[in-house]
Amino acid sequence: LMTQWLVANTATVKGGKIEHTIPERPLLHACCNEDHFGTVNLDFDPAVNPDVCGDIRSMPFKDDEFAACFADFPWVKNWMQNSAQALREMLRVAPIAYTISPWLYGASWCYPEVIHVSWRPGVNHPILFVKYVRR
């Protein structure tokens, strides 16, 4: 097999952010920081004025309360394990989860349906925009 190189196509990215192209609603935007574009925005930090203040790893929502969930996880190494816990919780509250992260999650109960790859100077890993679908 030969290596296949991926080329980023940002022509369809609204406002410079690929996450703004997510069509499903209602959308939970977890780890929202100050970028509130979800139907409901959740963050651990009350200073960013989320709709709901809480931890993505244990969210106060019912099963399947949302059509999709999105999170841009912290890209620091110690968040790798946290992102697995967060993704499990995201796919509890919605059948579809979108993430921006340097890590790809693999499990028998969900699969990555779409993967976009970007690279940024100063970040030692490729950044993945992934659409996960619960089986």
Side-chain angles (χ1 to χ4, degrees):
L1 286 180
M2 296 185 60
T3 300
Q4 179 182 0
W5 294 96
L6 302 174
V7 178
N9 177 1
T10 58
T12 60
V13 176
K14 294 195 274 188
K17 294 186 174 190
I18 194 169
E19 61 267 30
H20 288 210
T21 65
I22 295 171
E24 293 87 4
R25 294 293 183 272
L27 175 67
L28 172 63
H29 181 188
C31 301
C32 68
N33 202 327
E34 294 178 354
D35 189 18
H36 299 186
F37 66 87
T39 310
V40 175
N41 300 284
L42 174 131
D43 201 280
F44 192 73
D45 183 1
V48 300
N49 299 313
D51 299 314
V52 177
C53 190
D55 188 337
I56 189 175
R57 295 167 296 176
S58 178
M59 294 189 282
F61 304 112
K62 297 177 201 161
D63 293 357
D64 292 320
E65 190 167 337
F66 299 92
C69 186
F70 167 77
D72 182 349
F73 298 139
W75 299 351
V76 293
K77 178 121 175 131
N78 65 352
W79 238 87
M80 187 185 309
Q81 185 173 7
N82 290 336
S83 67
Q85 295 170 331
L87 186 59
R88 182 171 287 279
E89 184 69 354
M90 290 168 69
L91 286 167
R92 178 187 68 77
V93 303
I96 297 169
Y98 294 88
T99 64
I100 293 181
S101 170
W103 309 290
L104 188 61
Y105 184 75
S108 61
W109 58 273
C110 73
Y111 64 95
E113 186 177 80
V114 175
I115 303 171
H116 296 279
V117 180
S118 73
W119 173 83
R120 295 182 185 183
V123 179
N124 293 330
H125 299 280
I127 303 306
L128 309 173
F129 175 83
V130 183
K131 176 184 180 184
Y132 293 96
V133 178
R134 184 176 62 210
R135 290 188 194 268

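This structure is a prediction, so every number in the text was calculated from the model and none was measured.
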Asker: Do any N or O atoms from the side chain of Ser83 and from the backbone of Met80 form a donor-acceptor pair under 3.5 angstrom?
Answerer: yes

Asker: Asp64 versus Arg134: any side-chain heavy-atom pair under 4.5 Å?
Answerer: yes

Asker: Rounded to the nearest 0.5 Å, how far does NE2 of His36 lie from CG of Asp51?
Answerer: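 With rounding to 0.5 Å, CG (Asp51) is 7.0 Å from NE2 (His36).
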
Asker: Does Leu42 reach the side chain of Pro50, with side-chain heavy atoms less than 4.5 Å apart?
Answerer: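 SC-SC contact between Leu42 and Pro50 ruled out.
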
Asker: Name all pairs fulfilling the ring pair (Phe, Tyr, Trp, His ring centres under 6.0 Å) condition that reach into residues 38-57, sequence neighbours left out, sorted by first residue then second.
Answerer: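 Not a single pair qualifies under ring pair (Phe, Tyr, Trp, His ring centres under 6.0 Å).
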
Asker: Give the C-alpha distance, both sets of side-chain angles, the deciding distance and a yes or no for side chain to side chain contact (heavy atoms under 4.5 Å, CB included) between Arg57 and Asn82.
Answerer: CA-CA 7 Å; Arg57 295 167 296 176; Asn82 290 336; 3.0 Å; yes

Asker: Going hydrophobic residue to hydrophobic residue with side-chain gaps under 4.5 angstrom, can you get from Met90 over to Leu104?
Answerer: yes

Asker: Is it the case that more than 12 heavy atoms not belonging to Gln85 sit under 6.0 Å from its CD atom?
Answerer: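 Atom CD in Gln85 is packed in, count exceeds 12.
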
Asker: Side-chain contact test, heavy atoms from C-beta onward, threshold under 4.5 Å: evaluate it for Glu24 versus Ile96 and give yes or no.
Answerer: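 When only atoms from C-beta onward are counted, Ile96 and Glu24 do touch, with a gap below 4.5 Å.
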
Asker: Mind checking whether Tyr132 and Tyr111 have ring centres under 6.0 Å apart?
Answerer: no

Asker: Is there a donor-acceptor contact under 3.5 Å from the side chain of Thr39 to the main chain of Leu28?
Answerer: no

Asker: Measure across Pro102 and His125 and return the closest heavy-atom pair with its distance rounded to 0.1 Å.
Answerer: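 Of all heavy-atom pairs spanning Pro102 and His125, the closest is CB-CB, 3.6 Å.
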
Asker: Decide whether Val114 and Phe73 are clustered together by the hydrophobic rule: side chain heavy atoms of Ile, Leu, Val, Met, Phe, Trp, Tyr closer than 4.5 Å, transitively.
Answerer: no

Asker: Can you confirm whether Asn41 sits close enough to Val52 that some side-chain heavy atom of one is under 4.5 Å from a side-chain heavy atom of the other?
Answerer: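 SC-SC contact between Asn41 and Val52 ruled out.
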
Asker: Would you call Lys131 and Glu113 a salt bridge, taking side-chain N to carboxylate O under 4.0 Å as the test?
Answerer: yes

Asker: For Trp109 and Arg88, which heavy atoms make the closest approach, and how far apart are they?
Answerer: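 Shortest heavy-atom contact: NE1-NH2, 2.9 Å.
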
Asker: Tell me if a side-chain donor or acceptor on Ser101 pairs with a main-chain N or O of Trp103 at a distance below 3.5 Å.
Answerer: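 Yes: the side chain of Ser101 pairs with the backbone of Trp103.
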
Asker: Verify whether the ring centers belonging to Phe129 and Tyr98 lie closer than 6.0 Å.
Answerer: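 Yes, ring centres under 6.0 Å apart.
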
Asker: Between the main-chain N or O of Phe61 and the side-chain N or O of Arg92, is there a donor-acceptor pair closer than 3.5 Å?
Answerer: yes

Asker: Between Ile56 and Glu89, which heavy-atom pair has the shortest distance, and what is it?
Answerer: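 Answer, listing the atom of Ile56 first, then Glu89: O-CG, 3.3 Å.
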
Asker: Flag yes if Val48 and Leu27 sit in one hydrophobic cluster, no otherwise; membership is Ile, Leu, Val, Met, Phe, Trp, Tyr, and two members link when side-chain heavy atoms are under 4.5 Å apart.
Answerer: no

Asker: Work out which heavy atom in Lys62 is nearest to a heavy atom in Glu65; give both atom names and the distance.
Answerer: N-OE1, 2.7 Å

Asker: Within the 4.5 Å heavy-atom criterion, are Cys31 and Asp72 side-chain neighbours or not?
Answerer: no

Asker: Considering only NZ, NE, NH1 and NH2 on the basic side and carboxylate oxygens on the acidic side, decide whether Asp35 and Lys17 come within less than 4.0 Å.
Answerer: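 Result for this pair is yes, salt bridge flagged.
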
Asker: If you look at every heavy atom in Cys69 and Ala30, which pair is closest and at what distance?
Answerer: SG-CB, 4.5 Å

Asker: After noting the C-alpha distance and the side-chain angles of His116 and Ile18, does the key distance pass the side chain to side chain contact (heavy atoms under 4.5 Å, CB included) rule?
Answerer: CA-CA 9 Å; His116 296 279; Ile18 194 169; 3.7 Å; yes

Asker: Is a side-chain donor or acceptor of Asp43 paired with a backbone partner of Asn33 at a separation under 3.5 angstrom?
Answerer: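 Here the side-chain-to-backbone pair exists.
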
Asker: Using the side chain to side chain contact (heavy atoms under 4.5 Å, CB included) rule, take Thr99 and Tyr105 through it: C-alpha gap first, then chi angles, then the decisive distance, then the call.
Answerer: CA-CA 10 Å; Thr99 64; Tyr105 184 75; over 6 Å; no

Asker: Evaluate the side-chain proximity of Glu19 to Ile100: yes if any heavy-atom separation is below 4.5 Å, no if none is.
Answerer: yes

